[in-house]
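Here's the structure we're looking at; comments come further down.
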Amino acid sequence: MTSRFHKLSRSFYARSTLEVAADVVGKYIVYDSPDGKLVARIVEVEAYVGQDDPACHAAQGRTRRNEIMFGPPGYAYVYFIYGMYHCLNFVTEPENHAAALLLRAAEPVEGIDIMSRLSPGKKPIDLLSGPGKFCRSFGLTREQNGIDLCGDTLWLEDRHEPQPEIVRMSRIGIKEGQDRLWRFCDQNSPAVAHHS
DNA sequence: TGAATGATGCGCT
DNA sequence: GCGCATCATTCAT
């Protein structure tokens, strides 16, 4: 039998970041990790869009850290923050348009035992309910920066579920650019920060 | 239940 | 040196 699950192709990412953001909520992220297969349902993302977005890492131009954002779409951008956490992004828009989606929260689906080993003492719903927690529970670090999301290691899947009810909110943890409603959430997910 | 804070190290001025 | 796309803990109400 053929799989009902469809890996998202490069063209999915090669669009306006806000379009991709609205579409990516409710999709699944799959990681063929060294410890086993991990699957989660995406419920919260934030858009960071190019040179005109003061909160975007690419706002000050190209650097060693952010260069993956300037490349072609459909790649993973992983960075280290606050001395102890990592954050995962999906690069969007055509090459030289530096933009990405920050994965803020997801619901664990498969490999919960593995995630719990990486983040001890957490209830399943709290394993992936934040960008730092997601990377910790998935075992993602800067070693995974630059992975091709159209390859066989880390990718997104459409599992053909009904489109979730999406609410747009202000982005979290930034000083400038809070006027833009560029946080996209599944309104009904218990893993979403119910913050303003 | 919400506000304040410390942990901790890299990236860039 | 300073700031940071976070989180867990502490303390106040």
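Within every chain, numbering begins at 1; the chains are lettered A, B, ... in the order of the sequence lines, protein sequences first and strands thereafter.
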Report task. Verify the distance criterion only: is there a donor paired with an acceptor across the side chains of S129(A) and K133(A) at less than 3.5 Å? Result ->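 The answer is yes; a qualifying pair exists.
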Query raised in the report: With distance as the sole criterion, is a donor-acceptor pair present between the side chains of S189(A) and E44(A) under 3.5 Å?
Result: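 Their side chains do not contain a donor-acceptor pair, so the 3.5 Å distance test is not met.
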When all nucleic acid strands are considered with a 4.0 Å heavy-atom cut-off, which category describes [X]: base, sugar-phosphate, or nothing?
X	result
R142(A)	sugar-phosphate
G132(A)	sugar-phosphate
R171(A)	nothing
I174(A)	sugar-phosphate

Between [Y] and [X], does any NZ, NE, NH1 or NH2 come within less than 4.0 Å of an OD or OE carboxylate oxygen?
X	Y	answer
R117(A)	D35(A)	no
D152(A)	K7(A)	yes
E93(A)	R15(A)	no

Are OP1 or OP2 of [N] and a side-chain N or O of [X] less than 4.0 angstrom apart?
X	N	answer
K122(A)	dA8(C)	yes
R104(A)	dT6(C)	yes
K133(A)	dT6(C)	no
T63(A)	dC12(B)	yes

Rounded to whole Å, please give me the gap between [atom1] in [X] and [atom2] in [N].
X	N	atom1	atom2	answer
K123(A)	dA8(C)	NZ	C1'	14 Å
N66(A)	dC4(C)	CG	P	16 Å
Y85(A)	dG6(B)	OH	C1'	11 Å
F80(A)	dC7(C)	CZ	P	13 Å
Q60(A)	dC2(C)	CD	P	19 Å
Y79(A)	dG9(B)	OH	P	18 Å
R65(A)	dG9(B)	CZ	P	17 Å
H86(A)	dA7(B)	NE2	P	20 Å

Report task. Please determine, for dT13(C), whether a Watson-Crick or G-U wobble partner exists with both distances under 3.5 Å, and give it or none. Result ->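 Across any shown strand, dT13(C) pairs with none.
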Report task. Write down the partner of dC2(C) under the Watson-Crick or G-U wobble criteria, each distance required to be under 3.5 Å. Result ->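 Its partner is dG11(B) (Watson-Crick or G-U wobble, both distances under 3.5 Å).
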Report task. Answer yes or no: is there a side-chain heavy-atom contact under 4.5 Å between P190(A) and E107(A)? Result ->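 Answer yes - side chains close enough.
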Query raised in the report: When only distance counts, do a donor and an acceptor, one from the side chain of Y82(A) and one from the base of dA7(B), lie under 3.5 Å apart?
Result: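 Side chain to base: no pair present.
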Query raised in the report: Of the candidate nucleotides dA7(B), dA5(C), dT6(C), which contains the atom at the shortest distance from the side chain of M84(A)?
Result: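 Selected nucleotide: dA7(B).
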Query raised in the report: Considering only dT6(C), dC4(C), dC12(B), which nucleotide approaches the side chain of I172(A) most closely?
Result: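 Selected nucleotide: dT6(C).
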